[in-house]
Structures are given as C-alpha cells and as structure tokens.
Amino acid sequence: MFELGKKQPLLIVKELDFGVYLGEEINAAIEDRVLLPKKQVPQGSRIGDSIEVFLYKDSKDRIIATTNTPLLSVGGIGKLRVSQVTKIGAFLDWGLEKDVLLPYKEQTAKVQEGDEVLVALYVDKSSRLAATMKVYRYLQRTSAYQKEDVVRGTVYEIRQDMGAFVAVDDRFSALIPNRELYGEIKVGDVVSARVSAVKEDGKLDLSLREKAYLQIGKDAEKLVRLMEDGGALPFTDKADPELIRAKTGMSKNEFKRAVGNLLKNQKIVINADSISLK
C-alpha cells in the first residue's frame, strides 16, 4: 500500500526511457505502480532493486515518487517559507519541485510571500498533501520542562477567549493565558517565556512575566519611563483594570505593586486623578 507523504522502500518493476516504475512487489499490477522520473533514478539501478522514495502528487494529481527528501512528511511540524500567495491559499517551499498548498481555511493569520510559517503536513479530504497552521493536534503533550523553566516557542494561533497558543521548541503544546499576555503578540512571533504550570496532561502554561518579586522592579521602571515620556499617568491605582492594562500592559495588582514600590522609594506623588514623578 502506497503511503502518500512518507518515505518507503519500493522495488523497481519496470524500466522505461523516462524513468522506472516502482511497486511493493516485483510483479505489481499496473495500477499498483508509481513512476520515479529518470533524473531521480540512482545510477546503476536495475529491476528488482529496492529504492527508498517519498510519494506525493504531481501537477496532474498523479502519485509520483522522488528520491529527494522534503522538509516535512505527513504528521510532521516545521517552518516553511511562503513562495507564493494565490486565490486558493499560499504555496510553501518544502524542498520538492512542486510547492505544497496552505489553504486559506488552514491559516490562523494572514501570510505573505517570504514569511516563514510553522505548519504541519496532512492529507486532505481529496487525498492531496496540504499544510496547516492549526498545529495543535500535531504537537506533543509531554516534555521534560518543569515549572519556572524558561522556554522558547512559536506563537501559532491567538484566541481572544483563551490566549496565545505556543509550540515550545516547535514541538510541545503550550498556552499563554490571556491574563499573562502583555504587549504586542502576533502569530509567528518567537517568544521567550516562563513555565507557570505543567498540566496533568503534560501541556504547559506559560507567562511572559517573571515571578512577582522579580517583576516589580521592572514594572516600576516601566512606569517611570511612561511618566518621563508623558509627564504623568492620567489615572491612579483605583482606575478600571482594563484601562490600566491598555496603558501599561500590567494587571491591576501588578500596577499597584509597582506604584507601591515607587511610593516607598519616594519617586512619585499620587494625586486625586493622576500619578506624577517627584
């Protein structure tokens, strides 16, 4: 049985001017043969020889073999470069003559020519190879990482109701919950984050911020810079949490801790409706 999108050993069953036909058995029927183009045939090969090939479909939707190794096989995850964007989706360079399609419905963010995108390779309903940015189900759920470890990963999807989904090391499943999202994060970003929790199923929760006692000083410095640039903060720690997050990138509790730090060090003055530097 031919395995589309994977490497497998096949036997040379017939030689032609334009290549050789391969099959699982030396007497394979015509419908159970696949062509390996002449330029791909190893020199000196003969009928009966076994050749390891990768199977995909050509521009006429016929299964064809190649001795080249693509950057991804079915079920694999990796970063591929966008070579072209068309009406049906984006085409990705995966190391073979024919690029692989990333359909629009499988994109978690708009991509442009030249972008490198994290994708998985799968076989679609029409038995064609295709790529998807929705890599959640292809990621591993168990890693050696523990709480407080610092990891790097690629943001592959953002959901407003949950947060940013991250592929740690482009292999392991992780999430930055909304409460831990700060600054401008977009699909494709490579982020460095702290493991805040390891779930029972092995998936990781991440935080872009350090532990509270380490973060206070950085938050305080950030508030000082904001006041130096704007003259004052036009609100206090009694402001709405959404306003505080929008203006500072901090939760209300984090903002209050940073303000407390600055007040303790006599660097600020808290007015009725604003905070300013001394």
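Considering only heavy atoms from C-beta on, Ile176 stays 4.5 Å or farther from Ile185 through its side chain. Proximity of Gln107 to Leu102: side-chain heavy atoms (C-beta onward) are separated by under 4.5 Å at one or more points. For the pair Val13/Asn27, no side-chain contact is recorded, criterion being any heavy-atom separation below 4.5 Å from C-beta on. At least one side-chain heavy atom of Leu139 sits under 4.5 Å from a side-chain heavy atom of Ile77. Taking the side chain as every heavy atom from C-beta outward, Thr236 and Phe255 never approach each other to under 4.5 Å. Looking at heavy atoms from C-beta onward, Gln84 lies in side-chain contact with Thr86 at the 4.5 angstrom threshold. Counting heavy atoms from C-beta on, the side chains of Ile26 and Ile47 come closer than 4.5 Å. Within the 4.5 Å cutoff, the side chain of Phe54 has heavy atoms near those of the Leu96 side chain.
Lys7 and Thr69 form a side-chain donor-acceptor contact under 3.5 Å, judged by distance and modelled atom types alone. Between the side chains of Asp205 and Ser196, not a single donor N or O lies within less than 3.5 Å of an accepting N or O. For Asp169 and Tyr145, the side-chain atoms include at least one donor-acceptor pair closer than 3.5 Å.
In the hydrophobic clustering of this structure, Leu92 does not group with Val135; members are Ile, Leu, Val, Met, Phe, Trp, Tyr whose side-chain heavy atoms approach within less than 4.5 Å, directly or through other members. In the hydrophobic cluster analysis, where Ile, Leu, Val, Met, Phe, Trp and Tyr join through side-chain heavy atoms closer than 4.5 angstrom, Val155 is grouped together with Leu80. Residue Tyr104 is grouped with residue Ile158 when hydrophobic side chains (ILVMFWY) are merged at heavy-atom distances under 4.5 angstrom, including chains of intermediate members. Val190 and Val187 sit in two unconnected hydrophobic clusters of ILVMFWY residues. Membership requires side-chain heavy atoms under 4.5 Å apart, directly or through other members. The cluster map of Ile, Leu, Val, Met, Phe, Trp and Tyr, joined by side-chain heavy atoms under 4.5 Å apart, puts Ile275 and Leu262 in the same cluster.
Counting non-hydrogen atoms of other residues, nucleotides and ligands closer than 6.0 Å to CG of Leu16 gives a total above 12. Open room surrounds CG on Asp17; 12 or fewer heavy atoms of other groups in view lie less than 6.0 Å from it. Taking a 6.0 Å sphere around NZ of Lys256, one finds it holds 12 or fewer heavy atoms contributed by other residues, nucleotides or ligands. The neighbour count for Lys98 NZ, taken as heavy atoms of other residues, nucleotides or ligands under 6.0 Å away, is above 12. Taking a 6.0 Å sphere around CD of Glu31, one finds it holds more than 12 heavy atoms contributed by other residues, nucleotides or ligands.
The aromatic rings of Tyr136 and Phe165 sit perpendicular to each other, their planes meeting at more than 60°, with 30° as the lower class boundary.
A salt bridge links Lys203 with Asp201: the distance from a Lys NZ or Arg NE/NH1/NH2 to an Asp or Glu carboxylate oxygen falls below 4.0 Å. A salt bridge is defined here as a Lys NZ or Arg NE, NH1 or NH2 lying under 4.0 Å from an Asp or Glu carboxylate O, and Lys39 with Glu97 meets this definition. Look at Glu157 and Lys134 and you find no salt bridge, because none of the NZ, NE, NH1 or NH2 atoms lies under 4.0 Å from a carboxylate O. Asp93 and Arg81 are joined by a salt bridge, as a carboxylate oxygen and a charged side-chain nitrogen come within less than 4.0 angstrom of each other. A salt bridge links Lys186 to Asp189: at least one charged side-chain nitrogen sits closer than 4.0 Å to a carboxylate oxygen.
Formation of a donor-acceptor pair under 3.5 Å by the Ser276 side chain with backbone atoms of Ala232 is not found in this model.
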Is there a side chain to side chain contact (heavy atoms under 4.5 Å, CB included) between Arg141 and Phe172 once you walk through the steps? CA-CA 6 Å; Arg141 294 188 177 185; Phe172 304 110; over 6 Å; no
Set out, in order, the CA-CA distance, both residues' side-chain angles and the distance that settles side-chain hydrogen bond (donor to acceptor under 3.5 Å, both in side chains) for Lys79 and Thr154, then state yes or no. CA-CA 10 Å; Lys79 288 182 178 176; Thr154 303; 3.1 Å; yes
Start with the C-alpha distance between Leu55 and Gln8, add both sets of side-chain angles, then the distance that settles side chain to side chain contact (heavy atoms under 4.5 Å, CB included), and finish with yes or no. CA-CA 8 Å; Leu55 301 181; Gln8 63 184 113; 3.0 Å; yes
Run Val34 and Tyr21 through side chain to side chain contact (heavy atoms under 4.5 Å, CB included) and show every step you take. CA-CA 5 Å; Val34 62; Tyr21 276 115; 5.9 Å; no
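Atom CG in Leu4 sits 12.0 Å away from atom CD1 in Ile64 (nearest 0.5 Å). Atom CD of residue Gln40 and atom CG of residue Leu35 lie 10.0 Å apart, to the nearest 0.5 angstrom. For the atom pair CG (Asp124) and CG (Leu101), the distance works out to 8.5 Å, reported to the nearest 0.5 Å.
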